[in-house]
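A quick note: this is a predicted structure, and the numbers were derived from the prediction, not measured. The basis for the numbers below is simple: all heavy atoms, side chains too, and nothing from hydrogens, waters or symmetry mates. In what follows, chains carry the letters A, B, and so on, assigned in the order in which the sequence lines appear, proteins first and then strands, with residues in each chain numbered from 1.
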Amino acid sequence: MSTDLLATAETEWRLPSPRKVGLTLVILTESSLFTIFVVAYLFYLGKSLNGPYPWEVLEFPWLGSFFLFSSSGTVVVAEHRLKKGDKAGFELWWLITALLGLGFLIYTGAEWQHLIYHDGLTLSTNLFGSTFYSLVGLHASHVVVGLLLLTLILVASVTGNIQPRHHEHIEMISWYWHFVDGIWAVVVTVVYIIGMQH
Amino acid sequence: MRALIPRCWLLRERSVGKSCRTSIVLNHLYTRYSLATRGSGRGWLLVGFTVATFVGFLSSAPVAQAQDSTIRAVQNIFNPLSAPAETLYSVSILVMVVCAVIFLIVGGLLTYAIIRYRRRGPEDDHEEPPQVYGSAAIELAWTVPPILIVVMLVLVTARTIGEIEHHQMPAAAEEIRIIGHRFWWEVRYPKHDVVTANEIHVPLSSRTNRVPTEMVLESADVIHGFWVPQLNGKTMLVPNYRNTMWIEPYATGIYLGNCTVLCGQQHANMLIRVIVDTPDVYQKWLETQKAKPVSDPQTEEGRKQFVASSCGTCHTIQGTPGANGVFAPDLTHFASRATLGSGVAPNDEQNLRSWLKDPQTLKPGCLMPDMQLSDNQVNAILAYLRTLK
Amino acid sequence: MADPATLKEIGTELRPAPPGHEHGSLTAWIQDLIFTVDHKKLGFLYLGAGWMFFVLGGILALGIRTQIAVPNNHFMDAEAFNQAFTMHGTTMIFFFAMLMVFGLANYIVPLQIGARDMAFPRLNAFSFWATFFGGIFLFLSYIFGPGLYGMGAAPDASWFALAPLTSRAFSPGNNIDFWSLGLLVSGVGSITGGVNVMVTIFCYRTRGMTLYRMPLFTWLVLVTMFLVVMFMPPLSAAQIMLVLERFFGAKFFEAQAGGSPVLWQHFFWIFGHPEVYILVLPAFGVISEVVPVFSRKPIFGYPMMVAATVMIGFISAGVWAHHMFTIGMDSFSVTFFAFATFVIAIPTGIKIFNWLGTMFGGKIRFEIPMLFAIAFLFQFLIAGLTGIMLGCAPFDWQLNDSYFVIAHFHYVIVGGIVFGVFSGFYYWYPKATGRMLNKRLGLWNFWIFTIGFHLTFDPQHFLGILGMPRRIYTYQEGRGWEFFNMISTIGAFVQAVGAILFIVNMIYSARKGQVAGDDPWDAWTLEWMTSSPPPEYNFEQLPEVRSRRPLWDLKHPEDPDWKFE
Ligand code: HEA
Ligand code: HEA
Ligand code: CUA
Ligand SMILES: [Cu+2]
């Protein structure tokens, strides 16, 4: 093959970042997974043969929601700090984010404990119990994963392994964290706002 | 352990409808032929058969006046003998023809391309054919017809669905409840409070004065499917749901069908028999079913044994204290049925004995356990059951 | 075509050998395969494992056919039979067809887009091993499932595990769990694999290869993987629910607790229908490569082909309930899903017509890949049309769960996908091994398998029309089914012979096959630019891609494609 054909012209050639595309796809799949659990919950609303029923036992998770939603803000701040090269600020806000996430988990734990020991609602009690715990549990498990990532980064950063040039990694994690938040918005609407009518 | 089902018992003495004949004859030929010349591959004959049957399908017409004993074993969906089945049949033929035409056109073009544009030897390799990249006009030309066809198909389909699902039942309509169990059919006639199992009697209808039968389909355990092709399409029996479907047979006879949804080990032997009777025969049948069986002293022993061996915890026999179970077929008029175990075998003495000794022989995996009855018990119970006309 | 002389020296200089053999000893080779993260070797692993499962599933199929060859047969009992078709279906769909999809994608896509490897090589290895272990786990049920006399018991609730048959009440023991857990694991593998392939396609194309210039195979794989990413999770979700139900007493589909068996079927088919397109689109892709090359013309109407594929992808998300026409849906839903089902015919038709258009005016070379491709076209046409018959709900009320359905989908899956895969293998085997598959064996393989295929599945249409339901392990004489069942069984064994010939050919040609050279078919996509087999790093240097057929541009500088696109 003659080389002049192999010679690459100077047209510029840009391709999207693998991390971003990858994470976007992961988020798509996860959404699809959650959708099914949401559908199951909605489909079985008011179909349980025996109590306890949602309207009896559910309370709106003000605190939990506050923790999670605000953490979405703090993570953005942390990101900006890193962009600006202010590592201390980054670590501070990152820590706050992690703590808020932890707060959410603790809140959920308390809620479940009350549901199980006070209201006697378990996974196997009725359709509501099964769909409720599976959906909220699936979301909680994602928060746990997010929390692990947050702590990991924090440790890395404190030990000086995170530099402003790692900005994209950080951004990816914050994307994931926003996603977990978005899911929570859906869960709140479906499980509590709609659920408590039944 | 071989089941005691006699060879070909379905085919014994009976008159059959035209379409049935084609296939029955075919199968007899085939069975004989395969027995006669086992192993010798004379494929052309088989091909002959295939063609013959296919012609058989299309050239077959309903048979109006068949004997009651006619066993309609060959349930060809293209030989409908009931109103809804006929509706399905006509739309099916339409769709099939459309598809056949499409196949002929597209298949023809393919064949033409393959022959016309084949490589004609090495000289063809010297230069490539003209490189054509596409043509908007042509693309459009072959996108529009399919769209039109689809529109047509949708309209036809929608119409038929409406016709079948929103059908007005005349007042004379008979109504029955069918409850699927693993692996048998519970049949209830709420209008006449008659309860029976597996053999479903329905009245004959006619185009002039219609007597359709509406069926309410429910399930006691898992999903089952009710399908007697010549009467109507299939409908599933789903636990916690209540499906309905209707039939309107135009010919008497015994229609065979199957459970169509995998429901466990004996799914294959969850057979259906719909017996279409002329109205008067049907009335007579209802009368006999309503009557409580008279207890005659000779079989008193068997009756005792029946209760003693706790058959009664699962089976009901009207007027027999201690026999009121609901887990298994109602045996009140057991002897009036032609088959055992929802159609696995003829209800004769030999099979019944084998069944009582161990149901698992005739229907391995059915939910009736081997009750470990002694021969005397078996004889007694057998005698008793055979009096339950 | 390059002349034999050059071929020979290329061959001697290349030493074609299966991957890893460079490392000498067998143990070293195996070790290499186990720890490899190279997309080509993983491709081999996927395909090898796929054929292994095909043989297993095929042997089960032979068992099924033997049992129902004659009425009242006693070759298998009910239990064994239910396990046989459940395992057959599950294996063939999830561990044969899926592995073929991922195997071809893994091997071919990076080569076609001029990438060095997949985006995430280690993730790639993970995907394969997850899928593979899922399959092995499924088959372990035959050993460790609770069975009579410790015989082991495989899942037996059909490949879509009909609820509530799967609940503890009706399926004690743990054979169902082998189904759900095995498929969960392999499902994770498929999803990560799908993400990986998509990222590779989006982010690692060589200079100048815009989406609009990608080879059609890559395009169809892209859409396929999108379907995997979007529609595998519903299955996983449903399986998670099933596991929670069976292990922790949760209530999802159990009728006694008010659960709805219908919901399970919705969840399964929301995955299930897109799945069938996941399986067939790569086969379409192969055909879209093979037909142009052997007709010596570019694909007709490339933009329409891409558009049609994307349309199929989207529409396929909205037709799932055509598997549930007889479950008692309200007539509006029935009508809607019948409509959506028909609509799929339009983009699919466009594809068929475009392949036709490509052949028109060409100079068709009847090499083995083209033979399989042509058979594919006819068989898929028929299969699609029977699909339309099923899509017409009233017709389906008769045909649902009958052998007509079995005939329909084996026509698509065997007559379509398996033929497509064969075609792909005969087409790319030279690239992957450096040697051609033997042509005489290939012809025998083609004719015997094709004849066997038609003997097996054509009669099943008649069985369905004569009212034979599926999944029955026995039937009585006189229902009019004996004859067609016998033919069908004979056909299955003929197919077996064909399949064995294929396996033999692959093994034989790897050693004795004629040396292929870089570009035996005089093709146009990038994979044919590098050596056969390609080096670890795939390409030494690549031209800037200016059109959909970079090699055509190189071979015909006088009229390159980019002048016309
Ligand atoms: C690769 C797999 C594959 C593919 C591609 C298809 C393609 C299609 N399938 Fe199939 N199908 C299966 C695999 C597949 N199917 C499986 C596995 C099952 C059973 C699962 C089980 O129950 O176990 C099944 C079952 C199944 C059913 C359910 C039957 C039942 O259980 O009752 C239906 C019903 O609508 C259906 C329809 C269709 C249609 C309309 C298409 C269409 O995509 C076909 C489109 C193609 C054409 C129409 C031909 C070419 C078009 C033209 C030449 C244009 C002109 C034509 C017209 C305008 C009509 N399929
Ligand atoms: C990719 C999917 C796929 C493929 C390729 C096949 C291939 C085949 N299938 Fe399959 N089938 C399904 C998917 C598939 N099937 C599904 C999903 C079901 C539904 C299951 C359910 O109802 O739940 C089904 C159900 C099904 C049934 C209905 C069972 C029933 O409802 O009772 C039947 C019956 O004839 C059948 C037959 C066959 C045959 C004869 C082949 C043949 O094409 C097989 C050909 C291959 C071989 C014969 C193997 C050749 C190799 C050897 C013999 C090895 C020799 C040894 C060495 C070389 C070492 N299949
Ligand atoms: Cu009942 Cu199958
Ligand atoms: Cu489908």
Side-chain angles (χ1 to χ4, degrees), chain B residues 5 8 10-11 23 27 30 46 49 73-77 88 91-92 95 99 102-103 106 109-110 113 117-119 124 128-129 131-134 139 142-143 146-147 150 153-154 157-158 160-161 165 222-223 225 229 233-236 238-241 243 258 260-262 265 267-268 364-365, chain C residues 72 77-79 158 162 164-165 170 255 261 296-298 300-301 304 326-328 331 334-335 338-339 342-343 345-346 349-350 353 356 359-365 377 381 385 388-389 392-395 397-398 400-401 465-467 469 471-474 476-480 482-483 487 564:
Chain B
I5 304 168
C8 222
L10 281 179
L11 291 176
S23 295
N27 277 281
Y30 167 67
L46 303 183
F49 285 148
V74 179
Q75 287 285 322
N76 180 348
I77 68 172
L88 300 183
V91 67
S92 306
V95 176
C99 290
I102 293 171
F103 172 70
V106 182
L109 286 169
L110 265 169
Y117 298 110
R118 69 184 186 283
R119 171 175 174 277
D124 270 0
E128 303 282 15
Q131 303 292 300
V132 181
Y133 299 90
E139 300 272 357
W142 65 41
T143 310
I147 294 178
V150 166
L153 288 175
V154 172
T157 307
T160 318
I161 293 172
E165 296 214 327
V222 301
I223 304 181
K234 65 182 65 59
T235 305
M236 291 185 186
V238 188
N240 293 350
Y241 287 77
N243 290 338
N258 293 64
T260 54
V261 178
L262 178 70
Q265 273 200 38
H267 162 63
Chain C
N72 303 320
D77 62 7
E79 207 179 348
S158 92
L162 286 155
L165 193 57
F170 304 110
R296 312 307 306 154
K297 280 178 66 214
F300 191 92
M304 277 302 265
T326 63
I327 209 166
S331 46
V334 175
T335 318
F339 162 73
F342 288 142
V343 171
I346 296 163
I350 292 177
F353 295 134
L356 244 173
M359 288 162 74
F360 265 74
K363 294 178 178 175
I364 301 171
R365 294 184 182 156
L377 291 176
L381 175 63
L385 292 171
I388 291 301
M389 299 182 200
C392 170
F395 203 168
W397 290 335
Q398 284 286 15
N400 167 264
D401 276 331
I465 288 166
L466 283 177
R471 296 168 178 167
I472 55 173
Y473 79 103
T474 186
Q476 288 163 348
E477 241 162 314
R479 300 293 302 273
E482 294 90 334
F483 170 65
I487 301 298
F564 305 92

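Proximity to chain C is limited to the side chain of B:E165, based on heavy atoms less than 4.5 angstrom apart. Only the side chain of B:Y241 comes within less than 4.5 Å of a heavy atom in chain C; its backbone stays farther off. Of the atoms belonging to B:V91, it is side-chain heavy atoms, and not backbone ones, that fall under 4.5 Å from chain C. B:Q265 touches chain C through backbone and side chain together, each having a heavy atom under 4.5 Å away.
Between B:E139 and C:F300 the shortest side-chain heavy-atom distance falls below 4.5 Å.
When each of B:L109, B:V222, B:T143, B:T160 is scored by its heavy-atom pairs under 4.5 Å with chain C, the top score falls to B:V222. With chain B as partner, the option from C:G362, C:A78, C:G349, C:A338 having the largest number of non-hydrogen pairs under 4.5 angstrom is C:G362. Taking C:K363, C:R471, C:M389 one by one and counting their heavy-atom pairs under 4.5 Å with chain B, the maximum is reached by C:K363. Comparing C:N400, C:L377, C:I472 by heavy-atom pairs within less than 4.5 Å of chain B, the highest count is held by C:N400. Among C:S158, C:G328, C:A255, the residue making the largest number of heavy-atom pairs under 4.5 Å with chain B is C:A255. By number of non-hydrogen pairs under 4.5 angstrom with chain B, the leading residue of C:M359, C:M304, C:R296, C:K297 is C:R296. No other option in B:A158, B:P146, B:P229 has as many heavy-atom pairs under 4.5 Å with chain C as B:P229. Put simply, of B:I161, B:T260, B:V261, B:T235, the one with the most heavy-atom pairs under 4.5 Å next to chain C is B:I161.
Heavy atoms only, all atoms of each residue included: C:G361 and B:P129 are closest at O-CB, 3.5 Å. Between C:P298 and B:Q131 the shortest heavy-atom distance is CD-OE1, 2.9 Å. Between B:M236 and C:I327 the shortest heavy-atom distance is SD-CG1, 3.6 Å. Taking every heavy atom of both residues into account, B:T157 and C:C392 meet most closely at OG1-SG, 3.7 Å. Closest of all the heavy-atom pairs between C:L165 and B:L262 is CD2-O, 3.8 Å.
Going from atom CD1 of C:I465 over to atom CG of B:N76 covers 7.5 Å, rounded to the nearest 0.5 Å.
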Item checked: Intermediate values then yes/no, ring-ring contact (aromatic ring centres under 6.0 Å, His included), B:W142 and C:F360 -> CA-CA 15 Å; B:W142 65 41; C:F360 265 74; 8.9 Å; no
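Evaluated for a side chain to side chain contact (heavy atoms under 4.5 Å, CB included) with C:P164, the options B:I223, B:V238, B:N240 yield exactly one hit, B:I223.
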